[in-house]
Amino acid sequence: MNKNQLQQHDREHLLHPFTDFHDLGQQGTRVITSAEGAYITDIDGHQMLDGMSGLWCCNLGYSRREITEAIYEQLNKLPFYNSFFQCTTVPAIELADLLSEVTPAHMNNVFFTGSGSEANDTNLRIIRRYWDLKEQPEKRIVISRLNGYHGSTIGGASLGGMSGMHKQFQKLDYIEHIQQPYWFGEGGDMSPEEFGVYAARCLEEKILQLGPENVAAFIAEPIQGAGGVIIPPETYWPEVKKILDHYDILFVMDEVIFGFGRTGQWFGADYYGVKPDLMTFAKAVTNGYFPLGGTMVSDRVAEVIKSKGGEFTHGYTYSAHPAACAAGLATLNILRDEKIIDNVREVTAPYLAKRWAELADHPIVGEARSLGLVGALELVKDKGSRARFDDKCTAGGVCRDLSIKNGLVMRATGDTMIIAPPLIITTAQVDELVEKAHRALDDTARALA
Ligand SMILES: Cc1ncc(COP(=O)(O)O)c(CNc2cccc(C(=O)O)c2)c1O
């Protein structure tokens, strides 16, 4: 099929995620046909620097044949077997071993799923099981944050704090949401430091309002990714840690985006020095080449759910899929053996921070923030007041489309432009990324003038 035929058939048959189906029918789709290193190419031959690593997942870029070959070999050896009914497979065991090695020292058990959403649904089931076995069944409520993203299953979307999603289903009633640590958008007149403490203390306020005896867990991303790369003020996590240490509730760190090196440490929990009881992962664990998710379980929780008898009535057909686990093994071995994460911490993240900060001088940028290999730009009509261009987030969409035209994939979350380039990006490619982002900002300013 040629491009027009492909787009016609796409319009007729394919329902896209998080998409206005009517709009898409009008606009047509970008058909991506190939990729190499940190670049993707569409059906017209237009090459783009992929500033989003696919969807925060191709941390090693698009050319790692070791991973595709590991999948191919496993499929030819044992294309599938399940981990139900006392069955297991070698790659599942080997990946569980490797994950217990690279995750924080107190996390040595893993429950595999096919996605991050399913992993967060699994967290809800483990949390419930844990408190039942501890004979504290009244501890039911899970606290999460507004504008957080934890997936699109009923459980994941209920844990997420995106009101637009909650309008399209019935949110689980035992999940509560608190203030997010979004200083630029919600800090008001507080300094970042003051706001970080304030936002953290909203957790304690909610625990006390609900009654600590009723609260089962708190779930959070180290940095809210899909919500707009909401990097919390430095005072936030130390204050949250104090609160978590004070109350007997479980802590779930959702590492689907920030796990496996994006912060310059293996996990966001390592970066912020916190000890989760459960840790969600997906995306980069297989470099995005094969669906795999899961949750790491702390020794404290594993001891309870493994020592007391009774079936844990949860799981998925593809839990611990052998080819997914083979992809995970190949991916994590590359990350570790090539010291990719050290290079992010010591070379490319500091370089991105320096170059990205220069964009703060642009007339339509209200804030340029970055950490590790993520960055965000807040688009504003007026720097002083932080006033946006309009209330329809037009600027974000315009900037995203102009950036793609200029050969750089950036994501727009409202009027916040975000990047999360592959961890293999070079400093020369960081220069290219910043230059193309700057050009997109210039073109956006002209388009909205
Ligand atoms: C923190 C977090 N937790 C869970 C999920 C769900 O994972 P699955 O998609 O594999 O079920 C995610 C997913 N994050 C995600 C997924 C799709 C799009 C975007 C975006 O930023 O546009 C972000 C995520 O970012």
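Numbering of ligands and ligand atoms starts at 1, following listing order.
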- Item | Heavy-atom side-chain contact between Y272 and F267 under 4.5 Å | no

- Query: Could you go step by step and tell me if W237 and F251 meet the ring-ring contact (aromatic ring centres under 6.0 Å, His included) rule?
  - Reply: CA-CA 12 Å; W237 276 112; F251 169 42; 5.8 Å; yes

Scan the side chains in residues 404-411 for donor-acceptor partners under 3.5 Å anywhere in the protein, sequence neighbours excluded, and list what turns up.
{"from": "N406", "atom 1": "ND2", "to": "L402", "atom 2": "O", "distance (Å)": "3.3"}
{"from": "N406", "atom 1": "ND2", "to": "D443", "atom 2": "OD2", "distance (Å)": "3.2"}

- Which protein residues have a heavy atom closer than 4.0 Å to any atom of ligand 1, listed by chain and number? L55, W56, S115, G116, S117, N120, Y149, H150, G151, E221, A226, D254, V256, I257, K283, R411

- Task: Look at atom NZ of K206 and say whether more than 12 heavy atoms of other residues, nucleotides or ligands are closer to it than 6.0 Å.
- Result: yes

- Centroid-centroid distance, H16 to F21, less than 6.0 Å: no

- Message: Side chains of Y182 and L146, heavy atoms from C-beta outward: is any pair under 4.5 Å?
- Response: no

